[in-house]
Engineer: 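My questions all concern the structure below.
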Amino acid sequence: MNKIHKLDFSDRKHMVERVGLGAEPKIINRLNGRTREQAINIMLRPRSPHAKPPPTMTPWNVRQNMYGSKKPALKMRMHKRTVVEGDHLKQWWVGQMLTTESPLLEKMTLFWHSHFTSSLDKTEQPRLNYKQNMLFRRMALGNFGSMLKAVAKDPAMSIYLDGNLNKKNNPNENFARELLELFTLGHGNYSQQDVEQTAKAFTGWETNRYKETHVLNKHENDRGKKTLLNKTVRTGDDVINVLLAEERTAMTIAEKFWNYFVSDSAPDKEVTDAWAKTFREANYEIMVLLKEVLKSDVFWAKKYRGTLTKSPADLIIGTLRTLPFKRPDNAELARMFRLLGQDLFDPPNVKGWMGGKSWLNSQTVMARTALLSKLSAGNPNAKVALYQTMSDNELQQWLLPHKPITAMPMTPGKARLVRALVLDPYYQFI
Amino acid sequence: MKRREFLRLVSLGACAGSLSSLSYAQALASTKQESRVEQIRRIKKDRILVLVELKGGNDGLNTLVPYTDPLYKKLRPTLSLSKNQVIDLGHGMGMHKSLAALKPIWDDEDLAWIQGVGYPRPDLSHFRSQDIWKTASSSDHQLTDGWLSLVLPEKKRGLHGIVIGDDLGPLESHHCRAVVMKDPKTFRQQANMVKVIRHKSNNASLAHLIGVQQQLHEAKMLLENTSGFAYLDRYFHAHPFQNDLKSVAKMIVGGGAKASVYKVTLKGFDTHASQAVTHKNQLKYLADGLNAFATAMKASDKWHDVLIMTYSEFGRSVKENRSGGTDHGTAAPHLVMGGKVNGGELYGENMRLNDLQDGDLVYTTDFRSLYATITDRWWGLESPWQQHDTLAFV
């Protein structure tokens, strides 16, 4: 396809689904008659990061006092309340995804939540995890370097990776290791000594539980010289600057973007290295990287269509934003996320969600099938206004990346056809 | 093999020579009746391995404790366990007191510890080290297929393994037929909705999905007869880990699945802070769960068919940190148990606290020796890890 030509229906569906949550007819129509570049500009047009007000959550300090209580009943009550507040927070995000006017922002917030993970399971402070989510929301399409620095000071992260416990005379390596291994360089690009030196640079980075903000405890901060990747550093910010100067850092993000926007397959290094170069030279502006990805031939290539496994968010939220199915309540949706392996605010481990093929195992394939079967149930002969405007062929192009591999119903009826398409294996991919 | 097992075996066939000096292999060789050998081989192939993953990196030093070593107290001023906090196992070693439920099994000589399990050039990353254990790779070599895929396809047709949990781990491979589930009952209900599709595709993700659907279908057919066995409920308490073990027990006793491997996971061993209480609880969950499982197996006459083994991505730092916890470390002891385990013994050399490498323990038993032992001595198959010696624990 020529770049200046207008996008056809399947291109528009492709873009809307990969950049947003679901193949929303409203947005597909918005791109009607546009070229690639115009479509990219429309999809990336900044929208308000507006989020609904959060549920009520107990402040850290109050909670901590109750956890520390000598009365077991009080302690138990607090633990129970933590679970309830955590569930409310999960439901809040699900509701946000379902109703947002900027699905891309939700998709990117989810991306950073998986990259810089923290889990309620460890923090036991829903309010701090909420604040971290707001940080991702604000910075999701901003500057990666600034976000990295903010994350290093984020209270939920400090609890999650024991930053609060990283002391001058007894460094705790948890945050330092993941900073190098997962957030920036990637495994194999640093030594154990680099981890130790990094840990020292972050000693004394604590959080004030009354203000729920970062503080530097000078008594616990090692101000001496450290060597990281053969460079001399003193502070945590120095460490981050050194890491940002490394091309591996940009590559890590570029490779993750490949797996988030292009394909489950291993990144084409030639392509992602070029993205990484642009990203780093643009001082880590995330929007520049995203534009680079969406402009690339690999993003549009037919050979990569249908090779990206839908995440639970793509599947659950995407389906409900696309098709006029009855919407379960937010509590039920949050439960579905968990069953499908993407328990929001509670990733399986510090590596976040692996994504790709790992979304599909015997457990989750069953849960996905049950979910879609339930959502698409109903009178197969019903006249659904949205479907009536489309031919059978268009319905298929709208819902699947390729022709179905299961047999479609012989009996006419668009609702019947939609159900069969949704249950086709190709519906699991974009 | 235990002496009583051995005697039972040799009494089956004509056997000459001094019994006590004969090895198991010699006993087999001297058994003239070929059919008997065949029979034993077949029995071995029906044997089951139950893997228990201790996720997060279990602190070996406070599990099997060198409590008599003065260096241990010195390196762990607050976390070290004293004499009255351990169960003495001899040789200056003791089990954490939370493992009390395992003591009767140890006394029955059905439980053994393997000390210092690790590998050269240890990696301190959770994920990398989990991958190393999963694939049996060396630390500077990346592999993708789980270690059991090198063994099980040779062993049997049909379903190879069932994982209660999140991922296939050591069973992950195109060559393995294995499924992941939360529990068998939900599994049967949900698997009924999944269609089987025959379709060849170059799209690796789609091919993966179709493969999963195929395995679900096969597993469902096999598990059809494993409902019931409610009598097993009484052995287990209401704890997530015990629920998982109960599911495994029912599938083993039900017999329909005939899987060679079952895997369960106990999470929560990444004790960077306030370890004393957390670790104490974790080990209690472990011991109580394994004790319940052993009791259920004995009551079902399956105790001699199962071998249970724990593993974990690494042990923890020798020195405690100032958060009252320990950081990622290297080698650690692991336990094996089952009716055929030559138990009541410590295998492998104990790790030396006075000979650390970069402050960490140096392994004394390569983890692939455990895999080789299971393959060779438990299943009677040729081990792909020939350079690693087998151990006599089974």
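Letters go in sequence order (proteins before strands), and every chain restarts at 1.
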Engineer: Who wins among Lys319(B), Met193(B), His208(B) for the most heavy-atom pairs under 4.5 Å with chain A?
Structural biologist: His208(B)
Engineer: Using the six-membered ring of Tyr311(B), assess whether NZ or CZ of Lys263(B) lies under 6.0 Å from its centre and within 45 degrees of the ring axis.
Structural biologist: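 Checked: cation-pi criterion not met.
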Engineer: For the interface with chain A, which of Lys55(B), Arg198(B), His199(B) has the highest count of heavy-atom pairs at distances below 4.5 Å?
Structural biologist: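 Highest number of pairs under 4.5 Å: His199(B).
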Engineer: Out of Val350(A), Asn361(A), Asn174(A), which one racks up the most heavy-atom pairs below 4.5 Å with chain B?
Structural biologist: Asn174(A)
Engineer: At under 4.5 Å between heavy atoms, what parts of residues 160-179 of chain B are in contact with chain A? List them by residue number.
Structural biologist: Asp166(B), Val179(B)
Engineer: Would you say Asn164(A) and Thr207(A) are linked by a side-chain donor-acceptor pair, where the criterion is simply a distance under 3.5 Å?
Structural biologist: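 Yes, because at least one side-chain N or O of Thr207(A) sits under 3.5 Å from a partner of the opposite role on Asn164(A).
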Engineer: Which class fits the ring pair Phe116(A) and Phe183(A): parallel under 30°, tilted 30 to 60°, perpendicular over 60°?
Structural biologist: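 Perpendicular, since the angle between the ring planes exceeds 60°.
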Engineer: In terms of ring plane angle, is the pair His14(A) and Phe299(A) parallel, tilted or perpendicular, where the classes change at 30° and 60°?
Structural biologist: tilted
Engineer: Decide whether His272(B) and Asp327(B) meet the rule of one side-chain donor and one side-chain acceptor closer than 3.5 Å.
Structural biologist: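 There is such a pair between these side chains.
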Engineer: For the interface with chain B, which of Ile405(A), Asp162(A), Thr406(A) has the highest count of heavy-atom pairs at distances below 4.5 Å?
Structural biologist: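 Looking at each option in turn, the highest pair count goes to Ile405(A).
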Engineer: Return the option, out of Leu206(B), Asp358(B), Asp270(B), Ile210(B), with the maximum number of heavy-atom pairs under 4.5 Å with chain A.
Structural biologist: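 With the most close heavy-atom pairs to chain A, the winner is Leu206(B).
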Engineer: How about Phe429(A) and His402(A): are their ring centres within less than 6.0 Å of each other?
Structural biologist: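 No: the rings miss the under 6.0 Å criterion.
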Engineer: Do Tyr285(B) and His239(B) make the cut of ring centroids closer than 6.0 angstrom?
Structural biologist: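 Centroid distance Tyr285(B)-His239(B): below 6.0 Å, so yes.
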Engineer: When only pairs under 4.5 Å are counted, which of Leu182(A), Asp121(A), Asp264(A), Thr307(A) shares the most heavy-atom pairs with chain B?
Structural biologist: Thr307(A)
Engineer: Do Glu124(A) and Thr82(A) meet the criterion of a side-chain donor-acceptor pair at a distance under 3.5 Å?
Structural biologist: no
